[in-house]
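The chains referred to below are lettered A, B, ... by the order of the sequence lines, with proteins before strands, and numbering in each begins at 1.
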2 protein chains.
Amino acid sequence: MKSAIPETGVPITPPTAGNANDRQEASLHGEVLLRLRDYVVEGNIPEGARVPERQLCEMLGISRTPLREALKVLAAEGLIELLPNRGARVRQLSQRDLEELFDVMAGLESLAGRLACELITDEEIAAIERLHYEMYGHYLHRDMHGYFQINQQIHESIVAAARNETLKTTYANFAGRIRRVRYSANFARKRQRWGEAMREHEAILDALRRRAASELSDILFQHLRNKRSAAIDHLAEGQDTNLETTPQGD
Amino acid sequence: MKSAIPETGVPITPPTAGNANDRQEASLHGEVLLRLRDYVVEGNIPEGARVPERQLCEMLGISRTPLREALKVLAAEGLIELLPNRGARVRQLSQRDLEELFDVMAGLESLAGRLACELITDEEIAAIERLHYEMYGHYLHRDMHGYFQINQQIHESIVAAARNETLKTTYANFAGRIRRVRYSANFARKRQRWGEAMREHEAILDALRRRAASELSDILFQHLRNKRSAAIDHLAEGQDTNLETTPQGD
DNA sequence: GCCTCCATTTTTGCATTCATTTTTTGTCTT
DNA sequence: AAGACAAAAAATGAATGCAAAAATGGAGGC
């Protein structure tokens, strides 16, 4: 009997604080859902590994009923898969799955940009500009981590500017699914592609200033498509980092 | 004690045929999920109505455990909402919710068109052309029902041509959420708008033939945006429109 | 007559229990 | 020793039981 989950043995915190991250903060199964989702998204369970309910139960300090409810939801979200009578597994994402997910993300951000052009305020644009220049600073200092953090903030700002909660939620869902890979992809960002990504961000900002919806939509899609290529290439070639030849980035 | 659900009293069919509409066809809770989803999507439960678990249980002929699992999933899908300690309600969609949903649908179809341009075959385009002319026939005969049916087939063909299962699933999810309203929206489409829609479909087909991804993306978004306007206007002007009793379509 | 407060009933949330399926393990045969 | 079969163990799927919260209803007070 091999344990798929590292024996952290951290019981769930009693219903103390309502960590209102998503929904259903109060109920036990809601808390379990949040914790389990984070647990899976953060990659604490190996891909494709079997996850015995009993083990998760004692890890979280609950009975099987709320756990199974949470598992059903996570399966609906696409994070895990439930094989009939054979338990839950962390969903293994094939290369094709990743391509699809990145494309949908690209479509959602493309949509966000289009919608943002309709109602975004000058102040919001100014805020994004500030982020942009901050990011540029990180770029000049070759501070990849800082760059990535601001980069994500910019993309989230655009999604927020779309003023569409449904879109925001959906976007967050997909972001969670590929978060693990996203990190690898970001670490794969290399010099040359980095410059390209900066130029694309310039174009994004420019289109946003002019409220050019269709144009921004196109640019964002292409920008994310390039991200996709970087991520897929990175995964395809394995763990070794090829510095010169791979077109990776942002 | 008022019963929110019409007393159909139809017990769930024993695990006979695997109606593999979505996922989890075999297990009882999977069957329940499919049945409940259809039941809600088809509008058998009034919006915002309280749904006692016990009642659903005896309606489906099961115990509360699988039912509650299905409810959690439906809540995650956005079809119902679960208030802590206060049961499940059919999610009431505000006008703003509908606008958001339509916009996301528009974004997804826009993405589908963009992706379709990359790999769509001449045969697939020819099939869509045939559907187009068939739809045109319905238009000339003022056969609204036939028109909508083919119209839906065309949009689904475009989504299929995108060759992205993730997108397809997500699209189906959102389509389910607004199906109820969608039908009213179609009836709201008046003569003049009908002609517009036909012209837009001509443009869609034209862009598709030329594999003009960005252009098709724009046209599809606008096309769906116009649909949205029709739906929202219709709902705004007719508050007496009983959504529960309207049949399903488009 | 209407409102308030409290007891009763119902309903929800979770734990536990039971039945079925899968997986493991041990033994026997070739 | 390797494979096949069978029994045991464990895990899953679903039903039931129990405590807590909410809804209901009625008596009493204003």
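With sequence neighbours left out, the side-chain contact (heavy atoms from CB on, under 4.5 Å) criterion links A:Glu165 to A:Lys168, B:Glu100. Partners of A:Glu53 by side-chain contact (heavy atoms from CB on, under 4.5 Å), not counting sequence neighbours, listed by chain and number: A:Arg64, A:Leu67, A:Arg68, A:Leu71. Considering only residues two or more places apart in sequence or on other chains, A:Glu124 meets the side-chain contact (heavy atoms from CB on, under 4.5 Å) condition with A:Ile120, A:Thr121, A:Ala161, A:Arg163. Listed by chain and residue number, B:Asp103 satisfy the salt bridge (charged side-chain N to carboxylate O under 4.0 Å, His left out) test with B:Arg228 (two or more places apart in sequence, or in another chain). The salt bridge (charged side-chain N to carboxylate O under 4.0 Å, His left out) check on A:Glu118 picks up B:Arg225, with sequence neighbours excluded. Qualifying salt bridge (charged side-chain N to carboxylate O under 4.0 Å, His left out) partners for B:Glu156, counting only residues two or more places apart in sequence or in other chains: none. Taking B:Ser110 as the reference, A:Arg114, B:Ser217, B:Phe221 meet the side-chain contact (heavy atoms from CB on, under 4.5 Å) condition, with sequence neighbours excluded.
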Identify all pairs in which a protein N or O lies below 3.5 Å from an N or O of nucleotides 15-17 of chain C, and state each distance.
unit_1	atom_1	unit_2	atom_2	d
C:dA15	OP2	A:Ser63	N	2.9
C:dA15	OP2	A:Ser63	OG	2.4
C:dA15	O5'	A:Ser63	OG	3.3
C:dA15	N7	A:Thr65	OG1	2.8
C:dT16	O4	A:Thr65	OG1	3.3

Grab the N/O contacts between the protein and nucleotides 21-23 of chain D below 3.5 Å, and write none if there aren't any.
unit_1	atom_1	unit_2	atom_2	d
D:dA23	OP1	B:Arg86	NE	3.1
D:dA23	OP1	B:Arg86	NH2	2.7
D:dA23	OP2	B:Arg86	NH2	3.3

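In this structure, B:Glu58 places its CD atom 18 Å from C1' of D:dA14, rounding to the nearest Å. Atom CD in A:Glu31 sits roughly 15 Å away from atom P in C:dG13 (whole-Å rounding). Atom CZ in B:Arg68 sits about 14 Å away from atom C1' in D:dA15, given to the nearest Å. One interatomic measurement links the two molecules: CD of A:Gln55 to P of D:dA11, which rounds to 9 Å at whole-angstrom precision. Note: CD (B:Glu69) to P (D:dG13) measures 8 Å, nearest angstrom. Spacing between atom CG of A:Leu67 and atom C1' of C:dC14 amounts to 12 Å, rounded to whole angstrom units.
No donor-acceptor distance shorter than 3.5 angstrom exists from the side chain of A:Asn173 to the backbone of A:Thr170, with no hydrogens or angles considered.
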